[in-house]
Amino acid sequence: MSVREFVVLGTASQVPTRHRNHNGYLLRWDGEGILFDPGEGTQRQMLRAGVAAHDIDRICVTHFHGDHSLGLAGVIQRINLDQVPHPVTAHYPASGQHFFERLRYATAYRETVRLTEAPVAADGVLAETPAYTLDARRLSHPVESFGYRLVEPDGRRMLPEKLAEHGIKGPDVGRLQREGVLDGVTLDDVSEVRRGQRFAFVMDTRLCDGVYALAEGCDLLVIESTFLDEDVALATDHGHLTAGQAAAVARDGGVRHLVLTHFSQRYGDPAEFERQARAAGFEGELTIAQDLARVPVPKR
């Protein structure tokens with residue numbers, strides 16, 4: 001059975017709190033798992049969330065600030081300790097190659113797994129599989145940062161009433177899908193395009209072209225909202241977004257489900273992030289991320 005869900009491992013920015021671990025997120029996409037921004041403590045959060053090292057096929061790091069990457073050392077060593085049977089690919093800003101190498105070899109351990117390093121140097125496609133295309137867009141932060149976007153190929157949705165109208169049923173449905181035409185009836189006559197699902201992960205950044213490009217048309221957008229709107233000057237100065245800014249991006253991009261995360265420890269009331277997101281005019285489904293939460297990718 002295919003599972004598409006987003007598992008939240010940590011939601012704190014800069015420093016963890018009593019209730020929020022450093023960043024860490026896993027996207028389950030059918031039989032594959034993509035781990036985003038493993039901050040300190042990610043291994044333990046994986047255990048609490050029921051996520052195993054075997055679930056990880058890719059690691060995507062947006063940038064090399066500690067709250068987004070210090071957990072890499074432990075996660076990589078755990079992948080090797082558990083002898084994950086499949087290769088793992090790591091994406092990260094190419095300018096941070098020396099940071100990645102230091103984290104990968106922070107201490108002695110036995111390497112048992114093939115970990116492929118695939119650094120990101122510019123906007124563009126990082127990987128193409130039958131299940132999705134993964135690409136990256138540059139963001140605006142004091143250190144080089146990239147956001148990630150996953151897009152499923154478009155498919156076809158068969159229309160039962162049209163099939164019945166043309167007398168097509170049983171094995172002939174599969175034959176028509178494979179061959180595209182059956183006794184003069186084309187696939188277009190009895191089906192419609194089903195747009196593939198779209199997911200984006202946007203962390204530390206000011207508003208920029210990359211943010212809007214990543215968010216456009218997403219079924220699920222996970223985006224930082226470190227500050228509340230009254231601290232917009234502070235957000236801009238430090239290279240972050242406010243709740244209202246993030247929600248406005250989602251509103252303008254036609255996002256179906258918005259997940260706000262990466263909260264500054266200065267705020268004690270998470271509900272205020274929701275109030276400001278709604279005040280910005282976002283009317284879709286909205287989740288204020290909590291550690292260990294699971295968010296399903298909206299179905300089409």
Side-chain angles (χ1 to χ4, degrees), residues 7 9-10 12-16 21-27 32-46 51-129 134-150 200-205 210 214 222 224 239-240 261-262:
V7 183
L9 303 174
S13 71
Q14 195 172 35
V15 298
N21 197 75
H22 264 166
N23 288 278
Y25 311 87
L26 181 84
L27 176 67
E32 188 166 337
I34 304 175
L35 180 67
F36 293 93
D37 280 9
E40 189 177 353
T42 292
Q43 264 199 96
R44 186 168 184 272
Q45 294 297 94
M46 287 169 55
V51 172
H54 284 62
D55 295 327
I56 301 172
D57 295 89
R58 291 184 190 275
I59 301 172
C60 292
V61 177
T62 59
H63 66 291
F64 283 103
H65 277 155
D67 54 328
H68 296 260
S69 62
L70 280 176
L72 266 172
V75 168
I76 290 173
Q77 291 191 26
R78 184 60 179 270
I79 288 170
N80 284 274
L81 177 66
D82 290 0
Q83 298 184 29
V84 170
H86 53 260
V88 177
T89 302
H91 304 285
Y92 51 87
S95 61
Q97 181 67 43
H98 55 302
F99 294 125
F100 185 87
E101 290 174 357
R102 290 172 187 171
L103 288 163
R104 181 174 181 176
Y105 298 111
T107 66
Y109 67 97
R110 181 182 177 187
E111 290 190 271
T112 62
V113 176
R114 180 161 63 88
L115 177 63
T116 299
E117 299 181 14
V120 184
D123 292 358
V125 174
L126 304 177
E128 290 186 87
T129 78
L134 178 69
D135 62 68
R137 291 290 183 274
R138 190 180 303 275
L139 300 175
S140 174
H141 198 53
V143 300
E144 187 173 50
S145 183
F146 286 91
Y148 297 94
R149 177 177 168 95
L150 184 149
F201 184 79
V202 180
M203 281 295 114
D204 299 15
T205 183
L214 290 163
V222 178
E224 69 117 318
H240 287 288
T261 188
H262 194 269

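This is a predicted model, so every value here is computed, not measured.
Here the side chain of T205 pairs a donor or acceptor atom with the backbone of S140 at under 3.5 angstrom. A donor-acceptor pair is defined here as one N or O able to donate and one able to accept, closer than 3.5 Å; no such pair exists between the side chain of D135 and the backbone of L126. A distance-only check finds a donor-acceptor pair linking the side chain of N23 to the backbone of D67 [under 3.5 Å]. A distance-only check finds a donor-acceptor pair linking the side chain of R149 to the backbone of L214 [under 3.5 Å].
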query: Can H86 and D57 be said to form a side chain to side chain contact (heavy atoms under 4.5 Å, CB included), step by step?
result: CA-CA 7 Å; H86 53 260; D57 295 89; 3.4 Å; yes
- request: Quick one: do L139 and T62 satisfy side chain to side chain contact (heavy atoms under 4.5 Å, CB included)? Show the steps, please.
  value: CA-CA 9 Å; L139 300 175; T62 59; 5.5 Å; no
- request: Assess whether side chain to side chain contact (heavy atoms under 4.5 Å, CB included) is satisfied between L35 and L9, documenting all intermediate values.
  value: CA-CA 10 Å; L35 180 67; L9 303 174; 4.0 Å; yes
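When side chains are defined from C-beta on, L27 counts as touching F36, because their heavy atoms get closer than 4.5 Å. A heavy-atom distance below 4.5 Å is not found between the side chains of D82 and I79. E144 places a side-chain heavy atom less than 4.5 Å from the side chain of R138. For the pair I56 and M46, the minimum side-chain heavy-atom distance is below 4.5 Å. Contact of the E111 side chain with the Y109 side chain is registered, since non-hydrogen atoms from C-beta on lie closer than 4.5 Å. Contact of the L72 side chain with the R104 side chain is not registered, since no non-hydrogen atoms from C-beta on lie closer than 4.5 Å. Taking 4.5 Å as the limit, some side-chain heavy atom of I76 sits within range of a side-chain heavy atom of L115. Put simply, the side chain of I59 does not reach to within 4.5 Å of the side chain of H91, judged on heavy atoms.
With ring centers used as reference points, H262 lies under 6.0 Å from H68. The distance between the ring centers of H141 and H240 falls below 6.0 angstrom. In this structure, F201 has its ring center at least 6.0 angstrom away from the ring center of Y148.
The two residues V120 and A136 make their nearest non-hydrogen contact at CG1-CB, 3.9 Å. For the residue pair P38 and V61, the shortest heavy atom distance occurs at CD-CG2, 4.3 Å. The two atoms that bring G239 and P142 nearest to each other are CA-CD, 4.2 Å, heavy atoms only. Contact record, T89 with A118: CG2-CB, 3.9 Å, taken as the closest heavy-atom pair. Across all their heavy atoms, A106 and A73 have their closest contact at CB-CB, 4.0 Å. L134 and R58 make their closest contact through CD2-CD, 4.1 Å (heavy atoms, listed as atom of the first residue, atom of the second, distance).
D37 CG to L70 CG: the interatomic distance, rounded to the nearest 0.5 Å, is 11.5 Å. Atom CG of residue D55 and atom CD1 of residue I34 lie 12.5 Å apart, to the nearest 0.5 angstrom. Atom OG of S95 sits about 13.5 Å away from atom CZ of F100, to the nearest 0.5 Å. One distance of note links CD of E101 with CZ of F99; it measures 11.5 Å at 0.5 Å rounding.
Q97 and E117 form a side-chain donor-acceptor contact under 3.5 Å, judged by distance and modelled atom types alone. No hydrogens or angles considered: nothing links the side chains of T261 and E224 as a donor-acceptor pair under 3.5 Å. Checking Y92 against S69 by side-chain atom types alone, no donor-acceptor pair falls below 3.5 Å. For the residue pair S145 and D204, no side-chain donor N or O sits within less than 3.5 Å of a side-chain acceptor on the partner. Looking only at atom types and distance, the side chain of T112 has no donor-acceptor partner in the side chain of Q83 under 3.5 Å away.
In the displayed structure, E40 atom CD is contacted under 6.0 Å by at most 12 heavy atoms of other residues, nucleotides or ligands.
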